[in-house]
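Beneath this line is the structure, given in structure tokens, with notes to follow.
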Amino acid sequence: MRRIVYLALGFAAACGLSLYVDSWTAKLLGFGAILALSILAEKKPGVVMRCLSTALGIAVGLGWFSVYTARHLNPITPLDGEVVDCVMEALDYGRETEYGSAVDGTVKLADRSYRITAYLKQTERITPGDLIAGSFRLRITTEAGKDPSSYFQGKGIFLLAYQKGDITLSEGQKSFRHVPAILRHDIQTILKQYIPLDCVPFAKALLMGDTSELTYQTDTALKVSGIRHVVAVSGLHISILFAILSAITFRKRFLSAFVGIPLLLLFAGVAGFTPSVTRACIMSGLMLTAQLMNREYDGPAALAFAVIAMLAVNPYCISSVSFQLSVASVSGIFLFSPGIREKLTSKTEGKKGKKYALLRKLAAGIAVTLGAQVLTIPLCACYFGMVSLVGAVTNLLVLWAVSLIFCLLVAACVLALIWGPFAGIVGAVAGIFIRYVLLAAKIMAAFPLAAVYTVSPYIIIWLFFVYLLLLIYLLGRKMAVSFVCCAVLSLCIALMASWFEPSTSDVRFSMLDVGQGQCLLLQSKGRIYMVDCGGDSDSQCADAAAEMLLSQGYSHIDGLILTHTDRDHAGGAENFLSRIRTDLLILPEPAESMAVPERTKIVVASQDLQITDANITISVFAPVFRGEENEMSLCVLFDTEKCDILITGDRNAFGERSLLRHADIPDVDILVAGHHGSRYSTCEELLSAARPEFVCISAGEDNPYGHPAPEVLDRLSDFGCTVFRTDQQGTITIRR
């Protein structure tokens, strides 16, 4: 059976190659791998079947990916960006968005049915089975489209539709495939009715993976403390469900299979058939089948079968972060947990008593947690930019409570159908443990060095070094103490380098890559000010700013200045203030209401302000004339002995000229291009007065506004400015 593991390995590798490199390169690499495996098999006959299985997996994977793309995706690729009249059948309830609503469904195009997510201007109630007819601009989510998205293609959604014109909504016929969405909606209603209000968002996330109502603060605490996985329905939840199933069926194999397999299928549907829950349900289904047939269950083989099955249905699933983390976690448990457990329990084996039994149980929990993290840490570092250092401890503190909460929530949902008051009691008890988990996450996340962030290159180097040490440890003499000591010592060196490096420059200017927005960090000899905090995503912008500071050892800044309150300049400010202690917040007039910690002093810049702090002077220029919102932007001049920086917000040429008439603008080293490089900003008069050496432009890649405009780039070229752009170079840092 283990040959299927190597078959799955080759199949997954082929899908990954086909997705991440061009077709011919993928085939050349794949056939090169097959040839290498054939040579290896010839020289080492003992591994011939493993090599042949891997080679077969690569060959089948390359062929299947090509066939799937040609038959299923190529027919709709020409529709990318086109406006098409179509009828969509809703598979779920509509959900509100900032600009209207969104709904998942299916649509028939080119004689094939496709999963689709539609974004509508209306906020009318949409239910599963409803038919939505109208004109939509289509976007392909694969690399063949203009806006590829691994999130959507990993879920099998290859089309996004944006409403153009009016739509017609009609009631359709409900069918069996709409049951999971209806049941999910009913469960959400029960949770809101019988669970304490402050606990409902976590309950929904834990039971169904719906994290949409988690606050930024809660979500951040879960990530930093290393337990974010408990609200992403996965193997943990399925194992709890499996334990409940075993209890209610009295471990009778026929009854367990008869009840369990449909229950697993239904639960996967309620959770939205996410890759992680689908993988876990397939493996659990195989376990039930093995019990039914009185056969031994082989975990690695079951994982391999699940991988092949999921990639056969949708080979693009290989790009899903959920799929990668789920498979890596279980693989790590199979590969490393037995050895870790053996190491931890070596001195308790054969000893009797409750104390030793408890120690062995604790060791098993630690082994599973550490084993799962061995392969998931690199993925978390790559995708989320952080590594939680307290994750193992937090998991030990809360996983028992998470299991209990899950059972209580299931019980509350069942009891709600029988007797409401009893469901309310069970829900109240669940609320107690939910508050415990959230409190534990908050406390653990608040610890200094609860997490380290890969925005620092020294942390990336440290990670490579640790995994090199791990490889040496696994291949050579297994001296665990030496491995741990070297890992901790190298971490200390990486942290000291991360903290010391910013102080080597008198002035450090950073323009963060936040997409179509602006977030600037100004540092000089221990004084730190930030100008604006907004971008494509409020939470991602706040994370980018907070994590850059935390990676340098700072959890406090002197001030935050918002040039104006548009979302692309201020959307992430509240979230940022919840993570980083800020002494001063300067807002433009009129100031909008904002949730600000009590420790932060708020100043509304109704007139010009000047801040003198150690060796720096910050001049904040208020607008002279009333006008449209962009013209009301504050302007900021950051002045030090070594570097002058000018920021004009979203003012256009009129606002820039009024600034020149109102203030004495010196020659500057760095100019932040106005309004993300709009053609109406960064006028010739401003360039003549400021004579910047560097001009930095914060704009999103392929933004719909065409920023930066060619006219602006031509003007900057005429003035001999060196231009840096976040859409091309990512985060920009200039040191003086």
Side-chain angles (χ1 to χ4, degrees), residues 91-93 95 102-104 115 117 128 149-157 179-192 195 199-216 218-223 225-242 244 263-284 306 310 314 317 320-330 372 376 379-380 383-384 395 398-399 401-403 405-410 412-413 430 434 437-438 441 539:
L91 293 179
D92 204 345
Y93 290 85
R95 54 190 183 275
V103 63
D104 296 333
R115 290 280 306 279
T117 294
S149 169
S150 61
Y151 171 77
F152 286 107
Q153 65 188 20
K155 294 175 64 177
I157 297 174
V179 170
I182 295 171
L183 183 57
R184 179 167 58 249
H185 182 267
D186 292 342
I187 292 173
Q188 291 175 345
T189 303
I190 290 172
L191 294 177
K192 290 179 180 178
I195 305 297
C199 301
V200 169
F202 183 84
K204 289 174 60 178
L206 176 64
L207 199 58
M208 295 174 292
D210 180 5
T211 60
S212 60
E213 294 184 13
L214 289 177
T215 65
Y216 173 80
T218 298
D219 197 46
T220 299
L222 294 173
K223 287 190 292 187
S225 64
I227 57 170
R228 180 61 168 74
H229 63 92
V230 303
V231 292
V233 179
S234 60
L236 171 66
H237 305 73
I238 299 301
S239 64
I240 301 169
L241 186 66
F242 201 84
I244 297 173
L263 181 62
L264 288 170
L265 184 62
L266 183 61
F267 182 78
V270 170
F273 286 109
T274 60
S276 58
V277 75
T278 302
R279 188 275 311 158
C281 285
I282 291 174
M283 292 183 67
S284 297
M310 294 173 68
N314 174 21
C317 185
S320 167
V321 178
S322 172
F323 174 86
Q324 293 175 20
L325 285 172
S326 180
V327 173
S329 174
V330 179
T376 57
L379 293 173
C380 290
Y383 290 118
F384 309 124
N395 276 275
V398 306
L399 283 187
V402 169
S403 300
I405 293 166
F406 188 91
C407 295
L408 290 171
L409 293 178
V410 171
C413 291
I434 289 175
V437 171
L438 295 178
S539 59

Look at the rings of Tyr93 and His185 and say which category their plane angle falls in: under 30° parallel, 30 to 60° tilted, over 60° perpendicular. parallel
Report the C-alpha distance between Val277 and Ile238 in whole Å, list the side-chain angles of each, state the deciding distance to 0.1 Å, and finish with yes or no for side chain to side chain contact (heavy atoms under 4.5 Å, CB included). CA-CA 7 Å; Val277 75; Ile238 299 301; 3.8 Å; yes
Measure the SG-CG distance between Cys281 and Leu241 for me, rounded to the nearest 0.5 Å. 7.5 Å
Where Leu214 and Ala205 come nearest, the two heavy atoms and their spacing: CD1-CB, 4.2 Å
d(Thr211 OG1, Leu206 CG) to nearest 0.5 Å is 12.0 Å
To the nearest 0.5 Å, how far apart are CZ in Phe152 and CG in Asp104? 7.5 Å
With distance as the sole test, does Asn314 use its side chain to make a donor-acceptor pair with the main-chain N or O of Ile157 at under 3.5 Å? no
Minimum heavy-atom distance Asp92-Val103, with the two atoms named: O-CG2, 3.5 Å
Distance (rounded to the nearest 0.5 Å) between Met310 CE and Thr278 OG1: 5.0 Å
Counting C-beta onward and ignoring hydrogens, is there a side-chain heavy-atom pair between Asp210 and Arg184 closer than 4.5 Å? no
Side chain proximity check, Val410 to Ile240, heavy atoms < 4.5 angstrom: no
For the backbone of Val231 and the side chain of His237, can you confirm whether one donor and one acceptor N or O come within less than 3.5 Å of each other? no
Does Gln324 reach the side chain of Tyr383, with side-chain heavy atoms less than 4.5 Å apart? yes
4.5 Å side-chain heavy-atom contact, Ile244 and Cys407: yes
Supply the atom-to-atom distance Ile195 CD1 to Phe202 CZ, rounded to the nearest 0.5 angstrom. 12.0 Å
Candidate pair Leu399 and Val230, rule side chain to side chain contact (heavy atoms under 4.5 Å, CB included), full reasoning: CA-CA 8 Å; Leu399 283 187; Val230 303; 4.0 Å; yes
Working for side chain to side chain contact (heavy atoms under 4.5 Å, CB included), residues Phe273 and Leu265: CA-CA 9 Å; Phe273 286 109; Leu265 184 62; 4.2 Å; yes
Answer yes or no: does atom OH of Tyr151 have more than 12 heavy-atom neighbours from other residues, nucleotides or ligands under 6.0 Å? no
Would you call Leu325 and Cys380 a side-chain contact if the rule is heavy atoms closer than 4.5 Å? yes
Heavy atoms of Leu222 and Ala441 approach each other most closely as CD2-CB, 4.0 Å
Restricting to salt bridge (Lys or Arg N to Asp or Glu O under 4.0 Å), what partner residues turn up for Lys155, sequence neighbours left out? none
Evaluate the criterion side chain to side chain contact (heavy atoms under 4.5 Å, CB included) for residue pair Val270 and Leu207; output intermediate values, then yes/no. CA-CA 9 Å; Val270 170; Leu207 199 58; over 6 Å; no
How long is the span from the SG atom in Cys199 to the CG atom in Leu191, to the nearest 0.5 Å? 11.0 Å
